[in-house]
Amino acid sequence: MKIKNICCIGAGYVGGPTMAVIAQKCSKVKVTVVDINEKRIKQWNDPDVQNIPIYEPGLSEIVEETRGKNLFFSTDVDRAIDEADMIFISVNTPTKTYGIGKGMAADLKYIELCARQIAAVAKNDKIVIEKSTLPVRTAAALKNILDNAGNGVKYQILSNPEFLAEGTAVEDLRNPDRVLIGGDVETEEGREAMDALVNIYASWVPKERILTTNVWSSELSKLTANAFLAQRVSSINAISELCEKTGADVNEVSRAVGMDSRVGSKFLKASVGFGGSCFQKDILNLVYIARTYNLQEVADYWEQVIIMNDHQKRRFAANMVQTMYNTVAGKKIALLGWAFKKDTNDTRESAAIYVADYLLNEQAEIVVYDPKVTEEQIYSDLDYLGSRSGDANRQAVTVVDSPYEACEDAHAIAVLTEWNEFKELDWQKLYDQMLKPAFLFDGRRLLEPKTKKEIGFEFYAIGN
Ligand code: NAD
Ligand code: UDX
């Protein structure tokens, strides 16, 4: 089966970069990324590629190279569906905020809308690919909706979860540890569809890294991979608190543990807590699925990863208050970093939001500097929590575009995102501008402690 036209529904953090790389690597395939969000599509089509809506190192260069040649961004969803042989569904699957499973289950309304739209528009056979992260057995629901459209079109549903991490998306896509493709391995048509997708990736991924499985294994593997990664962060964060009580240093513990080849060194960096759009929602989803099958111990086991993460964020903020003589009311606190990790402008579930909220409840004045996150985004993140009115957030929080401006007359600095540029700041200059004693809280173990203490900072770092 030769694929000539690909459509991707959802031009977000996954759809955008993934399709840009497919377009670059498969120059004979026309790739159209569609979205209902007109503003987002307009940004993807901005003549100045620096204005595309997603910041990822290396992404704007690929968009510049492929856009208008074989990569297109559009709001005409129907047309792109109609033209495509292969449709990737890459829409958001957030945690439900209403009804049954509120706060736990994945909200599949966007997925279902896509399926219904495909069913309504398609006139010839299609391969439909789950790129979004979905609960195990969603493919059965998709197939049901598509097959009941009754217009004679045949669909093959594949699961092809995305493992890219933000901030390294382009590198992860170019050189993935593995590509996972789940399909109907029992039928000839199923195997043909899987081969068609394997061939797309085989343009640049070595065949031995392309895994094919049944659909359910593929769907469940994605949730499991994220749960395992997040569990490692919560595990080391749990140890960070013990380190602070005992004189052990979490970086030293992490290094010693990670050098065991059975454990491995990645994802053992203690932090103010993991964030991002995936870990929390995917674990909650896993917990919900386990509860649905009445597997209470399985559910409790995974839920603990989230409980630990919430604790880590809260305890970081609580420690700030306690260290600053049990009050931050009216004190100016500079937050360096708002994104959930470096090299992305994404702030979803960022620890910074929760630390700021805690400090605002203690009546602190907050000033934020982040190199890639907009002021509008920061206020919208705080407003979304609903802890206070939008006006109150705007009154208590200022967003500035220089770290030096942020720290002027501040009582404390908290480093909440590990942006490289924070290591290179003139820390003496920052110290000189601050009120004394000048407190410095490193939520990322980013800064070298000795020099900061020599300057005169009251220095605190996670797990030390
Ligand atoms: P996102 O919110 O950045 O993008 C999703 C896009 O889909 C939005 O622009 C939205 O407008 C669009 N959309 C929603 N319904 C639509 C419809 N009916 N028609 C057309 N467009 C529609 O989300 P994301 O971060 O790209 O994540 C997408 C999926 O990929 C999620 O399931 C997520 O769990 C998964 N995932 C995300 C990451 C990541 O790092 N962000 C990594 C792996 C997997
Ligand atoms: C994650 C998965 O890694 C990726 O495979 C999946 O496809 C999507 O979800 P992402 O959320 O983009 O990717 O970033 P990731 O690098 O996993 O970081 C998640 C959070 O964990 C960040 O807040 C990060 O700062 C934190 N983290 C990560 C730590 O605190 N310590 C670590 O050692 C690693």
Side-chain angles (χ1 to χ4, degrees), residues 7-19 33-41 43-44 53-54 56 73-78 80-81 88-95 106-118 130-135 138 160-169 172-173 176-177 222-223 225-230 232-237 240 250 254 258 265-283 285 309 312-313 337 339-344 346-352 416-418 443-446 462:
C7 156
C8 173
I9 310 181
Y13 282 86
V14 168
T18 310
M19 292 304 126
V33 192
V34 290
D35 206 294
I36 41 175
N37 182 335
E38 285 177 17
K39 185 178 166 208
R40 223 172 200 184
I41 291 297
Q43 288 173 315
W44 279 113
I54 286 165
E56 275 291 338
F73 294 92
S74 164
T75 49
D76 193 344
V77 183
D78 283 357
I81 291 173
F88 286 84
I89 302 183
S90 192
V91 299
N92 37 329
T93 49
T95 304
D107 192 341
L108 298 180
K109 71 178 172 209
Y110 306 105
I111 293 284
E112 178 162 346
L113 280 172
C114 287
R116 290 190 184 278
Q117 193 161 3
I118 294 169
E130 297 175 339
K131 180 53 99 180
S132 298
T133 304
L134 296 168
T138 304
N160 171 223
E162 186 47 62
F163 293 102
L164 69 81
E166 290 177 28
T168 52
D172 294 343
L173 288 162
D177 286 349
K222 176 62 201 179
L223 292 183
N226 273 355
F228 271 56
L229 290 169
R232 286 173 67 95
V233 180
S234 272
S235 297
I236 200 68
N237 281 344
S240 74
V250 77
S254 163
S265 60
K266 294 180 181 163
F267 266 69
L268 284 180
K269 188 123 190 67
S271 66
V272 55
F274 62 72
S277 60
C278 295
F279 279 180
Q280 175 166 303
K281 99 172 153 61
D282 292 348
I283 294 171
N285 187 359
N309 196 49
Q312 187 77 347
K313 292 182 276 191
F340 81 97
K341 64 189 281 197
K342 72 172 177 178
D343 291 339
T344 178
D346 196 351
T347 64
R348 289 176 287 182
E349 289 301 329
S350 179
L416 299 180
T417 310
E418 73 283 21
R444 294 287 182 165
R445 291 301 291 257
L446 183 75
I462 281 276

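All ligand and atom numbering here is 1-based and tracks the order in the structure.
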Find all atoms of ligand 2 within a distance of less than 4.0 Å from any non-hydrogen atom belonging to Ser271, and give their numbers and elements.
29 (C), 30 (O)
Where ligand 1 meets Gly12 - atom numbers and elements under 4.0 angstrom, heavy-atom basis
1 (P), 3 (O), 4 (O), 26 (O)
Indicate yes or no: does an N/O atom of Val14 lie under 3.5 Å from an N/O atom of ligand 1?
yes
Check Asn237 against Ala270 and note the closest heavy-atom contact, atom names and distance.
OD1-CA, 3.2 Å
Please indicate whether any nitrogen or oxygen in Thr93 is less than 3.5 Å from any nitrogen or oxygen in ligand 1.
yes
Please state which part of Ile9 comes within less than 4.0 Å of ligand 1, counting heavy atoms only: side chain, backbone, both or neither.
side chain
For atom 32 (C) of ligand 2, state which one of Lys269, Arg232, Lys266 supplies the nearest heavy atom.
Lys269
Protein contact to atom 12 (O) of ligand 2 [nearest heavy atom, distance to 0.1 Å]:
Glu166 N, 2.7 Å
Inter-residue atom distance Ser271.OG - Lys313.NZ, 0.5 Å rounding
10.0 Å
side-chain contact (heavy atoms from CB on, under 4.5 Å) assessment of Asp177 paired with Phe163:
CA-CA 9 Å; Asp177 286 349; Phe163 293 102; over 6 Å; no
For ligand 2, does Leu268 get within less than 4.0 Å through its side chain, its backbone, both, or neither, judged by non-hydrogen atoms?
backbone
Checking contacts here: is it the side chain or the backbone of Lys222 that comes within 4.0 Å of ligand 2, counting heavy atoms only? Could be both or neither.
side chain
Going by the order shown, which atoms of ligand 1 are within less than 4.0 Å of some heavy atom of Tyr110?
15 (N)
Heavy-atom proximity to atom 20 (C) of ligand 2, picking from Gly443, Gly273, Ser234, Gly275, points to Gly275
Please state which part of Cys278 comes within less than 4.0 Å of ligand 1, counting heavy atoms only: side chain, backbone, both or neither.
side chain
Contact region, Gln312 to ligand 2, non-hydrogen atoms below 4.0 Å, reads neither
Is there side-chain contact between Ile111 and Glu130, with at least one heavy-atom pair below 4.5 Å?
no
The test is side-chain contact (heavy atoms from CB on, under 4.5 Å); show your working for Phe73 and Asp35 and say whether it passes.
CA-CA 8 Å; Phe73 294 92; Asp35 206 294; over 6 Å; no
Ligand 2 versus Cys278, non-hydrogen atoms closer than 4.0 Å: side chain, backbone, both, neither?
side chain
Is the closest side-chain heavy-atom distance between Val233 and Phe267 below 4.5 Å?
yes
Report the part of Arg348 (side chain from C-beta onward, or backbone N, CA, C, O) that has a heavy atom under 4.0 Å from ligand 1; answer both or neither where that applies.
side chain
Determine whether the side chains of Glu162 and Ser90 contain a donor N or O and an acceptor N or O closer than 3.5 Å.
no
For ligand 1, find out whether one of its N or O atoms is nearer than 3.5 Å to an N or O atom of Lys281.
yes
Where is the tightest heavy-atom contact between Ile81 and Cys7, given as atom of each residue plus distance?
N-SG, 4.1 Å
Taking atom 28 (C) of ligand 2 as the point of reference, which of Phe274, Phe228, Phe267 owns the nearest heavy atom?
Phe267
Please work out which of Val91, Asn37, Leu113, Asp282 has its closest non-hydrogen atom nearest to atom 29 (C) of ligand 1.
Val91
Under 4.0 Å between a side-chain nitrogen and a carboxylate oxygen: does that hold for Glu418 and Lys342?
no
Enumerated ligand 2 atoms positioned under 4.0 Å from heavy atoms of Leu229:
3 (O)
At under 4.0 Å between heavy atoms, what of Ser132 touches ligand 1? The answer is both
Beyond-backbone contact of Asn226 with Ile283, side-chain heavy atoms, under 4.5 angstrom:
no
Has ligand 1 got any nitrogen or oxygen that is less than 3.5 angstrom from a nitrogen or oxygen of Arg40?
yes
Any heavy atom of Gln117 sitting closer than 4.0 Å to ligand 1?
no
Checking a contact table here: which protein heavy atom is nearest atom 4 (C) of ligand 2, and how many Å away?
Leu164 O, 3.3 Å
Glu166: numbered ligand 1 atoms lying under 4.0 Å from its heavy atoms
39 (C), 40 (O), 41 (N)
When the ring planes of Phe274 and Phe279 are compared, do they come out parallel, tilted or perpendicular, using 30° and 60° as the limits?
perpendicular
